[in-house]
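A short write-up of the structure that comes next.
Below, chain A is the first sequence line, B the second, and so on; all start at residue 1.
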Amino acid sequence: MKILLIHSDYIEYEPKERTKFAEDCDVNRIRVDECLVSFISVERGDSEVVDRAVEEIEDVARKLNVDKIVVYPYAHLSSNLADPDTAVLILKEIEKKLKNNFYVQRAPFGWYKSFKISCKGHPLSELSRSIVVEESDVTQALKVEEEVVSYWFILTPKGELVDVDSFDFTGYEKLVKFVRYEMEKRRAVDRVPPHVELMRRLEIADYEPASDSGHLRYYPKGRLIKSLLEEFVTLKCLEYGAMEVETPIMYDRNHSTLRRYLERFPARQYIIKGDKRDFFLRFAACFGQFLIAHDSVITYKNLPLKIYELTRYSFRKEQRGELVGLRRLRAFTMPDMHTIVRDIEQAKQEFLNQFKLAVEVLSEIGLNPDDYEVAIRVTREFYKEHRDFIHSLARILDKPILIEMWDQRFFYFVLKFEFNFVDALDKASALSTVQIDVENAERYDISYVDEKGEKKRPLILHCSLSGAIERCMYALLEKAYMQAEKGILPMFPVWLSPTQVRIIPVSERYLDRVIEVAEDLKGRKIRVDVDDRDETLGKKVRDASREWIPYIAVMGEEEVKGGFLTVTVRAESTLKQQKKVRMSLDELAERIVKECEGKPFKPLPLPMLLSQRPSFR
RNA sequence: GCCACGGUAGCUCAGCUGGCAGAGCGUUGCCUUGGUAAGGCAAAGGUCGCGGGUUCAAAUCCCGCCCGUGGCUCCA
């Protein structure tokens, strides 16, 4: 809403000619003396700002000490006008509210009017106000969340459900940390998280000050790692039987179905102004996939039906203080798979399959069950009805898991699991997760046809097999850091290492031969580079080690003559003792190829010769 | 959004009881041609976050703002 306020000696106006939106009125000349004239343009969405507008006008009127207010519809203050019907309603409402405390004259809407006005000309006599709709980015679900009462238990692999306070946590150090983190939601760390320093030092990712907070830049090495993870998780979903789709990243804010869904999802959105409509940026792939499902003809023969998308990106406008490095971002990449199932039995079966698949995916990425803790969140009702099923989940990984139970269903799901990574600062964050959604098939009007030809409502599973890709990178970095603290040399899995082999010539004399060897390895789909810089051998070895390169091959006279490589194997070395192995080129190549079996491959994302590389920071 | 801390060379940081802008690393050049965690010498490199104020004089003191990190909050 745009308001122009004029403190006037008088205003005189007279309706002259109707427009097609004209409201009925007496076409008399009106004069009001000693008044505040409010020229108002009602804009789209202004029904929410009436009270604030009234407050503003009253506030000015009081300051000027006037008791008469003229409400004057004036379209020319805005290029984003509300429709006339709404505008009249809003103006009338303003009139009504102002009348509580003032004498109010409202000029008729929809007329060409002549007017004369006399402005007093003191400093406060001409004011303008622009009242915008406050983006209520706090959804209903966010508010509800504050009221949720949780009951906490530990479920043992033997199937005992123990109250959290009576569980003996001896031997379950990480679980304690996780439970504390979940329940107390309090910690006192005053450090930059280790992975933040690592992601920068290793030239993986960095903050981008020119963007919004929580949007990172990825350097070639980071892009490579991210891209391999993206491809890997995608392939896992496709192998599992999912159909890959691609859906828009922004949606109409006023779409009735989506609007209701937004209300149920506790996340803040980015709002984008379009030509005519406002859009929000997706925070997951649910919308796009549900809308596809809504328009699809699905029969019982198609179930379970799996749809998959890698969201690059999902957007969540987290509060500033919530953002951390790769752990929590405003733009992140998430594999998002939805499974449409016919009933609760099929839902349970898929839930179980996906639980197991998530374990497998994380372990291939380099995160073992020791690295995360399992949480199950469930309504009391669902727990009672499916106790055996839920207990069976604890047996899969053979470790106690945290159960959070609610008396009522506050959210759209009845059951979910999460694998939570506990980092070097004892903070937990969710990686893989699957939820059984009992609400959205209805909301999106998704149905399938059963054996009898009847339309039925399915259930929907939400699954992120690995969790956000960035978060996997965060977990790998944090894990490496924690291992380094224990004296283990930190590294990435070989298939994710940007450089898998670095070859270092003992002197420039051997460079040509070294490049030949490197080209050979490169031809075998191995990421190999060559340190051709004018530095000492010691320095080059040190630098390679600081880059966590799994295989460092040194070539000098001996190697060239003998036709072998002297390889420092990082995985078998310690801080004190390097493990050096004599290997043939074939042996090294075979070893690496084997270690990367079944994983995607991408070539070295940088020039092979180190001397040709820029330093990105 | 609130609280705390921070922003000085490409990076990490010192200087901050006001008085010539500093170090290490990196970069460039030269020497060095080497056998497994930093070889030597030299040079280049600055809007001290931005704006205002105090002062003869401000990186330093004061005010405002911006950005970052941490904590709170939040984390489907």
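- A donor-acceptor pair under 3.5 Å is absent between the side-chain atoms of A:His294 and the main chain of A:Ile446, judged by distance alone.
- Nearest to the side chain of A:Val554, among B:rU69, B:rU36, B:rG39, sits B:rU36.
- The closest side-chain heavy-atom distance from A:Thr257 to A:Phe290 is not below 4.5 Å.
- For A:Lys427 and A:Tyr181, the positive end is not near the middle of the six-membered ring at less than 6.0 Å and at most 45° from its axis.
- A salt bridge between A:Glu230 and A:Arg223 is present, with a side-chain N of the basic residue lying under 4.0 Å from a carboxylate O of the acidic one.
- Distance from the side chain of A:Ser213 is smallest for B:rG68 among the nucleotides B:rG35, B:rA38, B:rG68.
- A distance of about 48 Å separates the P atoms of B:rU73 and B:rA37, rounded to the whole Å.
- Across the C1' atoms, B:rA59 and B:rC41 are found 32 Å apart, a figure rounded to whole Å.
- Across the C1' atoms, B:rC25 and B:rG19 are found 30 Å apart, a figure rounded to whole Å.
- At the heavy-atom level, A:Glu418 lies nowhere under 4.0 Å from the strands shown.
- When the C1' atom of B:rA37 is taken as reference, atom NZ of A:Lys576 falls 15 Å away, rounded to whole Å.
- Across all strands, A:Gly538 comes closer than 4.0 Å only to sugar-phosphate atoms, never to a base (heavy-atom distances).
- Across B:rG35, B:rG68, B:rU69, the shortest atom-to-atom separation from the side chain of A:Leu537 is found for B:rG35.
- With RNA chain B read from its 5' end, the first of the two nearest nucleotides for A:Phe616 and A:Val324 is the one closest to A:Phe616.
- Out of B:rU36, B:rU33, B:rU73, the shortest distance to the side chain of A:Ser507 is found at B:rU33.
- Summarising the base pairing, B:rC65 is matched to B:rG49 through a Watson-Crick or G-U wobble pair whose two defining distances lie under 3.5 Å.
- The residue among A:Ser211 and A:Lys539 whose nearest nucleotide of RNA chain B is located toward the 5' end is A:Lys539.
- Here the C1' atom of nucleotide B:rU69 and the NE2 atom of A:His195 are 12 Å apart, to the nearest Å.
- Between the P atoms of B:rC13 and B:rG64, the separation comes to 27 Å (whole Å).
- Rounded to whole Å, the distance from CG on A:Asp543 to C1' on B:rU36 is 12 Å.
- Which of B:rA76, B:rU33, B:rG71 sits closest to the side chain of A:Lys427 comes down to B:rG71.
- Closest approach to the A:Val541 side chain among B:rU12, B:rU36, B:rU73 is made by B:rU36 (side chain taken as heavy atoms from C-beta onward).
- In this structure, A:Glu559 reaches the bases: a heavy-atom distance under 4.0 Å links it to at least one base atom across the strands shown.
- Rounded to whole Å, the separation between the C1' atoms of B:rC50 and B:rU8 comes to 15 Å.
- A gap of 15 Å separates the P atoms of B:rG39 and B:rU33, to the nearest Å.
- Here the straight-line distance linking atom OG1 of A:Thr568 with atom NZ of A:Lys580 works out to 6.0 Å at 0.5 Å rounding.
- In this structure, CG of A:Leu323 is placed 9 Å from P of B:rG68, rounded to the nearest angstrom.
- Counting to the nearest Å, the P atom of B:rG35 and the CG atom of A:Leu565 are 19 Å from each other.
- If you take CZ of A:Arg533 and C1' of B:rG26, they are 11 Å apart, rounded to a whole angstrom.
- The nearest whole Å value for the distance from the CG atom in A:Leu575 to the C1' atom in B:rA37 is 10 Å.
- Put simply, A:Tyr207 has a side-chain N or O that comes within less than 4.0 Å of OP1 or OP2 on B:rU69.
- Contact annotation for A:Lys540: no contact, since no heavy-atom pair falls under 4.0 Å across all strands.
- A ring-centre distance under 6.0 Å is found for A:His215 and A:Tyr270.
- When rounded to the nearest whole Å, the span between CZ of A:Arg201 and C1' of B:rG26 equals 14 Å.
- For A:Tyr219 and A:Phe616, the ring centers sit closer than 6.0 Å to each other.
- Here, B:rU55 and B:rG18 have their C1' atoms 9 Å apart, quoted to the whole Å.
- Nearest nucleotide to the side chain of A:Thr536, out of B:rG1, B:rG39, B:rG70: B:rG39.
- Contact annotation for A:Glu557: base contact, defined as any heavy-atom pair under 4.0 Å involving a base atom.
- With both pairing distances under 3.5 Å, B:rG1 is matched to B:rC72 as a Watson-Crick or G-U wobble pair.
- With B:rU73, B:rA76, B:rU33 as the choices, the nucleotide that has an atom nearest any side-chain atom of A:Glu508 turns out to be B:rU33.
- Nucleotide B:rA37 forms no Watson-Crick or G-U wobble pair with any nucleotide shown, as no partner meets the under 3.5 Å limit on both distances.
- Using a 4.5 Å heavy-atom cutoff, the side chains of A:Ser432 and A:Phe355 are not in contact.
- Comparing B:rC5 with B:rA14, their P atoms are spaced 15 Å from each other, to the whole Å.
- The phosphate of B:rG34 (OP1 or OP2) has a side-chain N or O of A:Arg509 nearer than 4.0 angstrom.
- Pairing partner, B:rU27: B:rA43, with both Watson-Crick or wobble hydrogen-bond distances short of 3.5 Å.
- Minimum atom distance to the side chain of A:Thr566 is reached by B:rG35, of the listed B:rU69, B:rA37, B:rG35.
- Among the atoms of the strands shown, none is found under 4.0 Å from any heavy atom of A:Thr433.
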